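Note that this is a predicted model, so its numbers are computed, not measured. For the numbers below, each heavy atom of this structure counts, side chains included, while hydrogens, waters and symmetry mates do not. Just so we're on the same page: letters track the sequence lines, and every chain starts at 1.
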Amino acid sequence: MPELPEVEVTRRSVASRVQGARILAVRLGKPLRWPLDMAPGALAGQTVTDVGRRGKYLLLHLAPGGVLLVHLGMSGSLGFWREPPAPGPHDHFDLLTTAGVLRLHDPRRFGAVVWSPHADMGMAAKLLGKLGMEPLSADFDPARFHAGLRRRQAPVKQVLLGGDLVVGVGNIYASEALFMAGIRPTVAASRLSRPRADRLHAAIREVLARAVARGGSTLRDFVGVDGNAGHFQLESAVYGRAGQPCRACGAPIRRLIQGQRATYYCPVCQKA
DNA sequence: CTATGGACCTGAATGC
DNA sequence: TGCATTCAGGTCCATA
């Protein structure tokens, strides 16, 4: 479900609710991607000082002790209640605080919660250490982006998904950004000229920033922290539109598989 | 080091 | 209606 915009929207609403709250306990459901071995009272007494984000990871900074890292995987969402309903079969993590309960709901359990005390940043460092540039920050530099692309022989779409050059571009927005830049997803990343890399750089920023501004509502079943479903307005140019006419030129949108993931593009607007 | 395919898990949609 | 197959927004890991 979540790509960077959805995670960012989630971050903002989580921050507004739990920042400054003190943790009372945690409740664990089924194991997520990595089992979290933690007693219910393990974090009790810690305060949530800040809610950050790196790529698609949410970072709950706790004082005095460390960072609680949360990833939503493919199907995860966070909810917040003053008085939460009884946990369902897919509610796998509750953070009980003085402000209310933050709950991770994740049917497929590809998501994760990782606790890293400051003394031992092992797991968090390993997960965050290889991440690429943040696309919505000044850190996302066109020259470095182009240099990174030039070193890769793989199709540009798969390089975008890799997350080691630039983070946060998921399967939907990868297709959308490539369409906006007029670049075919199958082109070897190394073959992109600087001007075309610059167009892609700008397209990534624009597509993601627009989705954030719309509250992450571009995804079909995005569920905000307040429980409201999105507006069900998947306004994609190409994603999920195989066979339908390109909104720019009318040619039928094509679908192909790259690295076991669906890719969509316009054969006319994206020549190479 | 890079590139590729498999793995993890469940539910919804589709097809016969 | 029932049952099998396909597909889904992520990313780590083993293997060449």
Across the strands shown, which category fits A:Gln260 at heavy-atom distances under 4.0 angstrom: base, sugar-phosphate, nothing? base
Classify A:Lys130 by what it touches in the nucleic acid, base, sugar-phosphate, or nothing, heavy-atom distance under 4.0 Å. nothing
Whole Å only: how far is the [atom1] atom of [X] from the [atom2] atom of [N]?
{"X": "A:Ile257", "N": "C:dT6", "atom1": "CD1", "atom2": "P", "result": "12 Å"}
{"X": "A:Leu165", "N": "B:dC1", "atom1": "CG", "atom2": "P", "result": "16 Å"}
{"X": "A:Lys157", "N": "C:dT11", "atom1": "NZ", "atom2": "P", "result": "13 Å"}
{"X": "A:Gln153", "N": "B:dT2", "atom1": "CD", "atom2": "P", "result": "12 Å"}
{"X": "A:Arg150", "N": "B:dT2", "atom1": "CZ", "atom2": "P", "result": "16 Å"}
{"X": "A:Tyr264", "N": "C:dA8", "atom1": "OH", "atom2": "P", "result": "5 Å"}
{"X": "A:Ile172", "N": "C:dG10", "atom1": "CD1", "atom2": "P", "result": "7 Å"}
{"X": "A:Asp91", "N": "B:dT10", "atom1": "CG", "atom2": "P", "result": "14 Å"}

From the options [options], select the nucleotide whose nearest atom is closest to the side chain of [X].
{"X": "A:Tyr57", "options": "C:dC12, B:dG6, B:dT2", "answer": "C:dC12"}
{"X": "A:Arg255", "options": "B:dT4, C:dC7, C:dT11", "answer": "C:dC7"}
{"X": "A:Glu3", "options": "B:dT2, C:dC12, C:dG10", "answer": "C:dG10"}
{"X": "A:Lys56", "options": "C:dT11, B:dT4, C:dA8", "answer": "C:dT11"}
{"X": "A:Lys126", "options": "B:dT4, C:dC13, B:dC9", "answer": "C:dC13"}

Nucleotide opposite B:dA12 in a Watson-Crick or G-U pair, distances under 3.5 Å: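 Across all strands, the one nucleotide that pairs with B:dA12 is C:dT6.
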Under the 5.5 Å and 30° test, is A:Phe110 stacked on the base of B:dC8?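 Check passed, A:Phe110 stacks on base of B:dC8.
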Does [X] make a side-chain N or O approach to OP1 or OP2 of [N] shorter than 4.0 Å?
{"X": "A:Arg261", "N": "C:dG10", "value": "yes"}
{"X": "A:Arg152", "N": "B:dA3", "value": "yes"}
{"X": "A:His90", "N": "B:dC9", "value": "no"}

With distance as the sole criterion, is a donor-acceptor pair present between the side chains of A:Asp106 and A:His92 under 3.5 Å? no
Does some side-chain heavy atom of A:Met133 sit less than 4.5 Å from a side-chain heavy atom of A:Leu165?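 With C-beta onward as the side chain, the pair touches.
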Name the orientation class of the two ring planes belonging to A:His105 and A:His90 (parallel below 30°, tilted from 30 to 60°, perpendicular beyond 60°). perpendicular
Grouping I, L, V, M, F, W and Y whenever their side-chain heavy atoms are under 4.5 Å apart, do A:Val67 and A:Trp34 come out in a common cluster? yes
Can you check whether any acceptor in the base of B:dC9 is under 3.5 Å from a donor in the side chain of A:Arg109, or vice versa?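 Flag unset: no donor-acceptor pair detected.
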Distance, nearest 0.5 Å, that separates CD1 of A:Ile23 from OG1 of A:Thr97: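 It is 7.5 Å, given to the nearest 0.5 Å.
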I'd like to know whether the aromatic ring centres of A:Tyr265 and A:Phe179 sit less than 6.0 Å apart in this structure. no
Residue whose closest nucleotide on DNA chain C lies nearer the 5' end, A:Arg108 versus A:Leu127: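 Nearer the 5' end of the strand: A:Arg108.
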